[in-house]
Amino acid sequence: MGLGYVGSAAAAGLSKSGHDVLGLDVDRGRVADYQQGRVHIIEPDLPEMIQSSLRTGKLRFLHNDDVSEELGDLVLIATGTPPSANGAADLSQVRTALRWLRDRVSPGTVVVMKSTVPPGTGMNIVENELVSTGIRYVSVPEFLREGNAMHDWFHPDRIVVGADDTESAEVAKAMHTGIDAPFLVTDITSAELIKYASNAFLATKISFINEIASLCDIVGASIDDVTHGVAMDPRIGGASMRAGVGYGGSCFPKDVRALDYLALTNGHNFELLRSAITVNNRQRLLPLHALRERFGRLSGIKVAVLGLSFKPGTGDMREAPSVDLIQALTEDNAEISTYDPVVNSPARAGLTENVRVCSGIQESVEGAQAIVVMTEWGEIIKADWDALSQSMELPKFLFDGRNCLDRDKMIGHGLEYRGVGRNGAVRRGVAPDLCQRARTE
Ligand code: UGA
């Protein structure tokens with residue numbers, strides 16, 4: 001139930017593994033598109049897998065109102081849990097889905113909660129909404145990354161199942177047939193908290209390395225070398241340790257705020273999480289401060305913003321750092337042009353009409369005095385930076401918000417390079433081949 005990122009990936013993955021899958025949504029247009037194999041989101045391999053399962057007949061799509069049959073042995077809920085104004089997760093779609101399915105399943109059916117719901121929600125559902133229905137409930141949090149969803153579906157680090165009884169856990173296990181991954185069974189509330197704790201930890205790790213990047217600029221160290229050296233400790237590791245303009249997307253910002261809200265409303269001040277949020281909000285505007293420092297007033301300054309989506313490989317603009325930056329630049333009356341390989345219209349970008357959305361990098365950069373890279377798309381990294389530099393106006397200021405470009409090469413192209421935590425380090429007399437280059441995968 002719910003053909004968003006998670007539901008679509010689940011429908012594709014489950015049908016590919018041989019299950020008979022019925023994909024449901026309340027959006028008629030979306031369902032009609034899916035029936036034709038047209039997918040509304042940018043996600044590698046997803047359309048192909050859906051089209052292939054449509055052909056084999058393992059996958060069908062219907063609007064909720066058109067369902068006349070009884071639903072299957074297992075109903076997976078993947079409806080949205082967007083943030084409400086106070087930061088709490090809005091569970092109205094989940095509750096509507098539960099009410100709807102209650103009359104369409106027989107006792108013994110297992111409801112699998114894939115939507116990210118705050119710890120305690122599952123037990124509340126079990127004790128109130130499903131009590132004496134005979135419907136079973138398991139929590140199976142999802143750990144898919146956008147842009148890698150299908151890979152992550154088939155190669156997860158772990159499958160977590162929060163269940164109250166063995167039979168339900170077994171059904172949830174059977175759902176993952178053919179997938180080789182550690183299988184962890186917990187109680188329902190712990191499974192829910194595993195999801196939030198994972199995202200909150202990763203977000204905190206990003207904010208932590210961003211704080212270290214700020215210190216690098218102050219004391220004259222290189223964030224690349226520092227991250228590399230720190231990540232060599234296997235207890236720390238290098239994942240989610242890339243400094244930059246901060247995390248965005250539909251998950252980290254929402255889940256971190258929801259966990260903060262949950263803690264607060266239960267009388268616990270989760271200070272560390274608060275700090276992670278504060279740091280992340282600050283990171284988004286780093287390019288603005290760098291531009292103000294370089295140009296003074298930004299009124300009339302031509303700035304090209306390269307990359308709009310919250311990360312490469314997706315067209316998702318939810319909580320994208322580029323949105324906050326562009327809004328701030330607009331308030332400063334900068335002349336903004338943008339380019340993104342996927343987000344290629346103002347409507348898609350959710351931007352105001354006065355922001356120029358270009359159809360190529362070169363067009364966007366032509367005549368600009370400054371470039372800000374907000375998303376590390378391969379196309380942007382591999383661009384002909386010499387040509388870009390030549391088409392710019394002085395001072396050819398470049399803010400690499402994802403530290404994805406080679407600083408020395410950019411300087412060689414005549415650009416005034418600024419990165420995140422890359423601005424203070426001075427390489428002195430050591431031969432470059434003796435210097436371990438920083439690589440954090
Ligand atoms: C995240 C988690 O990584 C998934 O495990 C989880 O399932 C998903 O949320 C979810 O809750 O549904 P996702 O939002 O797709 O996945 O993307 P990530 O690759 O984790 O990146 C999130 C944000 O952090 C992006 O804006 C990215 O640019 C930023 N980031 C990531 C950094 O700034 N530095 C890093 O080192 C890593």
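Whatever order the structure lists ligands and atoms in, that order sets their numbers, starting from 1.
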Report yes or no: is the cationic atom of Arg158 (NZ for Lys, CZ for Arg) closer than 6.0 Å to the six-membered ring centre of Phe143, at no more than 45° off its axis?
yes
Report the residues that fulfil salt bridge (Lys or Arg N to Asp or Glu O under 4.0 Å) with Asp332, sequence neighbours left out, ordered by chain and then residue number.
Arg292
The criterion is side chain to side chain contact (heavy atoms under 4.5 Å, CB included); which residues satisfy it with Val6, sequence neighbours excluded?
Ala78, Lys114, Glu142
Could you grab the distance from atom OG1 of Thr338 to atom CG of Leu325, nearest 0.5 Å is fine?
11.0 Å
Contacts satisfying ring-ring contact (aromatic ring centres under 6.0 Å, His included) that involve residues 17-36 (not counting sequence neighbours) are Tyr34-His40, Tyr34-Phe61
How far apart are the closest heavy atoms of Gly23 and Leu59, and which atoms are they?
N-CD1, 4.5 Å
Could you pull out every N or O of ligand 1 that sits under 3.5 Å from a protein N or O, with the distance for each pair?
| unit_1 | atom_1 | unit_2 | atom_2 | d |
| --- | --- | --- | --- | --- |
| ligand 1 | 5 (O) | Phe143 | O | 3.1 |
| ligand 1 | 7 (O) | Glu142 | O | 3.4 |
| ligand 1 | 7 (O) | Phe143 | O | 3.3 |
| ligand 1 | 7 (O) | Leu144 | N | 3.0 |
| ligand 1 | 7 (O) | Leu144 | O | 2.7 |
| ligand 1 | 7 (O) | Lys195 | NZ | 3.4 |
| ligand 1 | 11 (O) | Lys195 | NZ | 2.5 |
| ligand 1 | 11 (O) | Asn199 | ND2 | 2.7 |
| ligand 1 | 12 (O) | Glu142 | OE2 | 2.7 |
| ligand 1 | 15 (O) | Glu146 | N | 2.6 |
| ligand 1 | 15 (O) | Lys311 | NZ | 3.2 |
| ligand 1 | 17 (O) | Lys311 | NZ | 3.1 |
| ligand 1 | 19 (O) | Lys311 | NZ | 2.9 |
| ligand 1 | 26 (O) | Gly248 | N | 2.9 |
| ligand 1 | 26 (O) | Phe310 | O | 3.0 |
| ligand 1 | 28 (O) | Arg402 | NH1 | 3.3 |
| ligand 1 | 33 (O) | Arg402 | NH1 | 3.3 |
| ligand 1 | 34 (N) | Arg242 | O | 3.0 |
| ligand 1 | 36 (O) | Met241 | N | 3.0 |
| ligand 1 | 36 (O) | Arg242 | N | 2.7 |

